[in-house]
K.L.:
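Submitted below is the structure of interest, expressed as structure tokens.
All values reported here derive from a predicted model rather than from experimental measurement. Chain letters run A, B, ... following the sequence lines, proteins first, then strands; residues in each count from 1.
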2 protein chains.
Amino acid sequence: MSSTYHHGDLYRQALEQAQALLHEEGAAAVTLRALARRLRVTAPALYRHFRNRDSLLAALAEHGFLKLRQQLLAVQRDDALERLTGIGQAYIAFAQARPNLYRLMFGGQLLPRGAHPDLDTAGLGAFAVLQKSIDDALAADYLNGQPAGPLAAAAWSLVHGFAELTIDGHLPDEQQAPGLAALVTRLLLPGGPPSDDNNNPRHQP
Amino acid sequence: MSSTYHHGDLYRQALEQAQALLHEEGAAAVTLRALARRLRVTAPALYRHFRNRDSLLAALAEHGFLKLRQQLLAVQRDDALERLTGIGQAYIAFAQARPNLYRLMFGGQLLPRGAHPDLDTAGLGAFAVLQKSIDDALAADYLNGQPAGPLAAAAWSLVHGFAELTIDGHLPDEQQAPGLAALVTRLLLPGGPPSDDNNNPRHQP
DNA sequence: GCGCAATGTTAACGCCGTTAACACGACATC
DNA sequence: GATGTCGTGTTAACGGCGTTAACATTGCGC
């Protein structure tokens, strides 16, 4: 009846509003009916654009991985080692800026691995940026020629674990988080954390 | 009607069956109605023992933290440094043996921090074991007197991140996980990972 | 102008959490 | 032994959810 029977642009707006819902209230609040209400549309209309609720959530997570990859790629430094630490800090900043999105991306609950191939490749794409910065640091003869694969996995574990623990409030005295973030991202470097005064690496060449 | 109108032992059995449900099918499957069916009881009966579904999940997570603490305390080694790495590996083993429980404990979704004080203290109790093993390693003059708090936070970040990434299948070539776990737990040690060839722990007696 | 495919709506199903009202039965008190 | 109370179970019902089937409307190609 009204001139907007056909919404025209529902898919894009649905994604936008779903992102807003996720950011504001968490994944549990991203419900097809709530999303439909926001869009002034009935719930079944969304099934023209998403196979089901899980597909919607997967799309949100995939966009998250693409965005994360972008932000990691945007980190540019001359020195390979500085770039590596910059990427670690950008990673943590991403998680802290969008905790609900980050939890959706890595929650693991709703998204059985392999069910959404685009999501998986987007995740690998983000990881690849980290992997490359490790490779570069290795090529620049930092990191003592340790094996690149495990090293990247360990680096990712470190930043991911720190990001999750902080956004969930598991770490005590969180106020020292900024300094901690720096420490954490430098922990993988040869000789451990740099030694301004009290921190003193031993095996430094 | 039947002699078992009063179940008698519902709270304990409910917790047990809920744990089984969680382990087998994940947190989303832990539903009050499904649990009631398993126990051959109607759903509202469970409200005599749990305030609501979130309280049930919080109880499951709390038991998880207590169990994790137990398993970390069970790690006994003579050398403080060995004990530290043993604790790291026990932590990762716990997560890999009970991925759904681990995700519930650290998912962050359903359990707004502070809503279940017993849960929070149980979480801190588990962390305290790790913190103490770090303190001991410091006292034994390992780790070159780095600040203990940030160091423990970093260690926890590392094992937690690695645990989550592996149980969610985010790390590529996961088959090398055993070696990786060893690498990861040794990453914090003085000098970083041993660089002989691939895996060779220093401080081996 | 017409027909079809895309995209919306309405109605309905079963599952869920949760609550109110009621039923049973163990146990203390007389 | 009768009686009453209170812990613990049941029944019935509400609204919200994901999802599907059937139908309605419109834009676009011919």
K.L.:
For A:Leu130 and A:Ile87, run side chain to side chain contact (heavy atoms under 4.5 Å, CB included): C-alpha distance rounded to whole Å, both residues' side-chain angles, the deciding distance at 0.1 Å, then the answer.
P.N.:
CA-CA 7 Å; A:Leu130 178 59; A:Ile87 283 183; 4.1 Å; yes
K.L.:
Whole angstrom is fine here: how far is it from CG in B:Leu46 over to P in D:dT8?
P.N.:
13 Å
K.L.:
When only distance counts, do a donor and an acceptor, one from the side chain of A:Arg33 and one from the base of D:dG18, lie under 3.5 Å apart?
P.N.:
yes
K.L.:
With a non-hydrogen cut-off below 4.0 angstrom, is B:Thr31 in contact with a base, only sugar-phosphate, or nothing?
P.N.:
sugar-phosphate
K.L.:
Within this structure, what is the CD-to-P distance between A:Gln13 and C:dG8, rounded to whole angstrom?
P.N.:
10 Å
K.L.:
Give the intermediate values and the outcome of side chain to side chain contact (heavy atoms under 4.5 Å, CB included) for residues B:Glu164 and B:Tyr102.
P.N.:
CA-CA 8 Å; B:Glu164 265 224 337; B:Tyr102 190 82; 3.9 Å; yes
K.L.:
Let's go through A:Leu39 and A:Leu46 carefully: what are the C-alpha distance in whole Å and the side-chain angles of both, what is the deciding distance for side chain to side chain contact (heavy atoms under 4.5 Å, CB included) to 0.1 Å, and is it a yes or a no?
P.N.:
CA-CA 10 Å; A:Leu39 297 165; A:Leu46 295 170; 4.1 Å; yes
K.L.:
By nearest heavy atom, map B:Arg48 and B:Asn52 onto DNA chain C; which one lands nearer the 5' end?
P.N.:
B:Asn52
K.L.:
Specify the separation, in whole Å, of atom OH of A:Tyr47 and atom P of D:dT19.
P.N.:
4 Å
K.L.:
Looking at B:His49, does any N or O in its side chain come under 4.0 Å of the phosphate oxygens OP1/OP2 on D:dG7?
P.N.:
no
K.L.:
For the pair made of CZ in B:Phe50 and C1' in D:dT8, what is the distance, rounded to whole Å?
P.N.:
14 Å
K.L.:
Using the six-membered ring wherever Trp is involved, compare the ring planes of B:Phe127 and B:Trp156 and label them parallel, tilted or perpendicular (cut-offs 30° and 60°).
P.N.:
parallel
K.L.:
Does D:dG18 have OP1 or OP2 sitting under 4.0 Å from an N or O in the side chain of A:Arg53?
P.N.:
yes
K.L.:
Which of the following nucleotides, C:dT18, D:dG9, D:dG18, is nearest to the side chain of B:Ala43?
P.N.:
C:dT18
K.L.:
In whole angstrom, give the distance that lies between atom CG of A:Leu32 and atom P of C:dT9.
P.N.:
14 Å
K.L.:
Taking the nucleotide of DNA chain D with the closest heavy atom to each, which residue, B:Pro44 or A:Arg37, is nearer the 5' end?
P.N.:
B:Pro44
